[in-house]
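Below you'll find the structure, written out as structure tokens, and then a few comments.
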Amino acid sequence: MAASAKTPISRTQTTSLYKPYSSSLQLPFKFLKVTPNSCAAKALSICCALQMEPKVGPGSQVPDSFGRFGKFGGKYVPETLMHALTELESAFRALSGDVEFQKELDGILKDYVGRETPLYFAERLSEHYKRPNGEGPLIYLKREDLNHTGAHKINNAVAQALLAKRLGKTRIIAETGAGQHGVATATVCARFGLQCIVYMGAQDMERQALNVFRMRLLGAEVRAVHSGTATLKDATSEAIRDWVTNVETTHYILGSVAGPHPYPMMVRDFHAVIGKETRKQAMEKWGGKPDVLVACVGGGSNAMGLFYEFVDDEDVRLIGVEAAGFGLDSGKHAATLTKGEVGVLHGAMSYLLQDDDGQIIEPHSISAGLDYPGVGPEHSFLKDLGRAEYHSITDEEALEAFKRLSRLEGIIPALETSHALAYLEKLCPTLPNGAKVVLNCSGRGDKDVHTAIKHLKV
Amino acid sequence: MACNLQTSFLPALKFPAEATLDKRRGNGLVVCSVASAADSIMTESTPTGSAAVVRSRPLSRREVETSERKMTDTTGKFGRFGGKFVPETLMTCLSKLEAEFNLVLHDPEFQEELATALRDYVGRETPLYFAQRLTDHYKNESGCGPEIYLKREDLNHGGAHKINNAIAQAMIAKRMGRKSIVAATGAGQHGVATAAACAKLSLKCTIVMGTLDMERQASNVLLMKLLGAEVKSVDGNFKDATSEAIREWVGNLETNYFLIGTAVGPHPCPSMVREFQSIIGKETRRQAMERWGRKPDVLVACVGSGSNALGLFHEFIADEDVRMIGVEAAGFGLESGKHSATLAKGEVGVYHGAMSYLLQDEEGQIVGPHSIGVGMEYPGVSPELSFLKERGRVESYSVTDQEAVDGKQLPIAISIMLIANCGRSMCVVSKSVFCFTVGLQHTNYCAD
């Protein structure tokens with residue numbers, strides 16, 4: 001198929017039957033695909049340039065002006081937060097035309113974060129999935145684990161910190177589950193000289209003690225949240241409460257593609273560099289596109305970061321992998337898109353794990369980063385459209401995959417990433433020979449060593 | 001960091017200060033020509049630089065074999081330092097290793113495979129990061145001060161510079177048909193890097209570690225085990241682990257490969273390690289040229305045994321206008337007797353197969369070193385660094401545990417604290433490049 005099915009400029013061109021977005025309408029945002037050579041910065045960096053186009057009419061675009069992805073998304077927040085969200089959205093749009101901002105961001109992504117991250121051919125892992133006749137898919141890992149702080153989270157944290165500075169905010173708050181987003185936020189606040197407060201569930205603080213220590217070392221204040229189940233959802237609620245109280249001075253760096261508009265869109269756009277680099281690297285390595293993209297889904301930021309670039313490429317399969325915890329029937333899992341129902345949580349309409357009274361069900365996963373009862377609204381949208389598939393993996397299967405990648409490639413993945421890796425066991429036997437699979441290796445597993453050791457016989 | 005890093009033996013010029021950026025390849029193409037003379041490159045390291053003679057074409061097999069024969073006669077000396085002070089049982093093995101090393105330097109296929117591994121697996125090239133706030137912190141009242149850049153070796157796979165050497169040597173071991181790697185580790189970074197490289201290349205891996213170190217670096221021990229390595233414990237710390245690893249190696253020379261993690265040991269080990277780490281300096285030169293159009297003024301790196309320091313410095317040895325500063329661990333203070341400041345307080349002797357400075361008592365027994373930075377806790381130091389220090393090419397200083405902890409970044413801050421003191425007296429804007437070689441893992445230390 002044509003390698004350049006997409007023009008560099010606009011998503012409004014329709015070439016295929018089945019598009020998630022209405023083809024007759026203009027997108028409110030025009031995404032400029034900037035090739036490396038035309039980038040103002042060195043050829044080493046990818047520029048993520050966003051451009052606003054005047055809106056022609058309402059439509060289920062990415063997202064629309066109300067922040068909706070179809071029926072999902074939106075801004076279900078108290079009135080006190082509406083102004084802050086509007087201000088944030090305007091700032092984000094303004095920056096889309098700001099070359100200086102893009103240049104500064106690209107420089108930081110290159111020199112501070114360490115982008116671009118490699119697309120690594122996992123030879124031994126591919127061998128492992130070869131069938132007896134020698135056929136099998138080729139597995140590539142997008143090495144987000146090599147980023148500064150060890151996960152993809154920093155892409156978004158850095159960009160939002162820059163944004164906050166532009167807004168004149170001096171105080172940053174964030175929520176964190178696994179601690180990676182907390183560490184990323186604390187890191188960028190130290191880098192930019194901003195005050196940093198991180199909310200973390202008390203249970204998560206125990207599971208991820210090393211990350212707690214890191215945040216403090218980086219100068220952040222880590223506040224334990226004891227309410228509810230003392231995990232990510234409670235930390236998020238607490239952070240939102242703080243934001244409502246301190247909205248003039250404070251910017252809330254939300255860690256995932258969840259929350260009220262404009263967060264799902266902003267966080268996705270800041271992570272979209274992952275997919276953009278992947279496209280370029282795939283072209284360099286094998287002269288084509290990936291056939292399948294696989295990523296773990298907690299809130300959904302690393303998955304959206306990888307998928308977004310390819311949403312319009314119908315021939316690229318998008319697979320998200322959630323946490324099935326102790327099993328889907330056990331009631332102890334975090335498989336929102338498989339078992340959830342539509343509702344509103346943390347400011348957005350999306351699938352979520354709720355009981356008959358609409359109360360949030362406590363999720364469970366061995367990995368703190370996937371232990372979230374909601375999911376980003378854009379994922380809910382892609383699922384309903386059938387554009388992306390969502391599966392789930394149990395704790396056991398994830399631990400096996402954790403061990404497998406360590407032994408076969410010498411890369412210790414985060415437990416979150418291990419869920420995506422575990423799905424390869426089910427996926428690879430079904431793929432044709434030579435199919436190119438790109439899996440987002442979203443984080444490294446040093447932080448999970450103690451958890452893993454408790455469960456594994458090493 | 002992905003970039004089309006190609007380390008190839010070229011029928012080309014000596015590595016130019018300006019990079020040859022081949023834009024058609026998409027990313028920056030760093031040309032690192034590793035050249036070898038008919039006389040051994042690995043013997044003489046003079047202040048005027050080592051990698052001198054450049055070939056106009058790749059060596060033929062016959063030429064390589066000829067130089068192999070010459071190689072086996074080389075002594076691996078840096079002035080009076082270095083050498084091969086080993087039992088006779090090891091001499092053949094070391095000669096074979098030297099020959100193989102020379103071969104791979106000339107083998108474009110190996111170089112390309114290594115370059116791919118460094119780019120896609122390790123994540124090179126690492127950025128040269130301008131530390132704005134740190135620079136501002138060290139400005140004096142009139143607003144003058146040095147500009148501080150950090151060479152981000154912490155962003156490598158595994159979190160340190162160790163993997164540069166581990167992956168290259170593991171590839172050599174595989175080439176030589178060895179099935180099993182044995183290595184010694186102090187901080188655990190080399191152990192983790194070796195275990196990772198062995199997993200990737202499906203080699204059996206045994207890491208020897210001192211019990212004292214295993215306690216302090218329990219997380220790294222877990223990482224090694226997860227990566228499939230067997231971790232053997234031995235009483236003591238890194239120096240004892242090294243001795244045990246060498247013993248293990250000698251016991252099974254045909255199948256074992258001793259993967260040394262730092263620029264110590266008998267020839268060709270110091271040269272091999274330095275050669276594989278020298279990618280750090282090569283990238284730095286190119287990046288400095290891109291950023292500010294010339295070389296750095298000062299290079300600073302922490303010195304345990306010296307691999308990261310040599311990796312940064314080696315490229316610039318011939319550039320007399322580039323100052324080189326190695327920072328050792330003064331532990332509880334140089335007068336306390338509890339430190340690891342080998343270059344400052346050591347005397348010349350033979351240890352682990354090489355002549356070098358080392359911490360010894362009057363009877364020539366090794367003095368147990370101490371530092372809060374486990375990776376710096378070694379009573380010896382690289383023979384090449386000893387040589388450079390004696391010639392006055394490299395300056396050495398030391399920083400105590402307390403000073404390091406106050407800087408909150410252990411071995412790196414050791415460097416930063418020191419340059420801070422130098423920096424305050426400078427009113428000339430100069431470009432200091434710090435080799436930032438350790439990562440987040442080491443935050444374990446501060447837990448108490």
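These figures come from a predicted structure and were not determined experimentally. Letters A, B, ... are given to chains in the order of the sequence lines, protein chains preceding strands, and every chain is numbered from 1.
The shortest heavy-atom contact between A199(B) and S406(A) is CB-O, 3.5 Å. Closest approach of V449(A) and S219(B) over heavy atoms only: CG1-O, 4.4 Å. Residue G410(A) comes nearest to H157(B) through the heavy atom pair O-NE2, 2.9 Å, listed as atom of the first residue, atom of the second, then distance. Shortest non-hydrogen contact noted between P127(B) and G114(A) is CG-CA, 3.9 Å. Summarising the geometry of L227(B) relative to I411(A), their closest heavy-atom pair is CD2-N, 4.1 Å, with the distance given to 0.1 Å.
Contact annotation for A209(A): neither backbone nor side-chain heavy atoms come within less than 4.5 Å of a heavy atom of chain B. Using a 4.5 Å cut-off between heavy atoms, K285(A) contacts chain B through its side chain alone, with no backbone atom that close. For N147(A), the part lying under 4.5 angstrom from a heavy atom of chain B is the backbone only.
Remark: R133(B) CZ to F192(A) CZ distance equals 10.5 Å, nearest 0.5 Å. Rounding to the nearest 0.5 Å places CG of L146(A) at 8.0 Å from CG of L155(B). Between the CG atom in D111(A) and the CD atom in Q287(B) there is a gap of 8.0 Å [rounded to 0.5 Å]. With rounding to the nearest 0.5 angstrom, the CG atom of L222(B) is 4.5 Å from the CD1 atom of I453(A). Between the CZ atom of R191(A) and the OH atom of Y129(B) there is a distance of 3.5 Å, given to the nearest 0.5 Å. Taking CZ from R444(A) and CG from L223(B), the interatomic distance works out to 9.5 Å, rounded to the nearest 0.5 Å.
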What do the steps show when you test L226(B) against F402(A) for side-chain contact (heavy atoms from CB on, under 4.5 Å), and what is the final call? CA-CA 9 Å; L226(B) 273 170; F402(A) 178 86; 3.6 Å; yes

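A donor-acceptor pair under 3.5 Å links the side-chain atoms of Y121(B) to the main chain of E409(A), judged by distance alone. Proximity of a side-chain donor or acceptor of R152(B) to a complementary backbone N or O of Y112(A) within less than 3.5 Å is detected.
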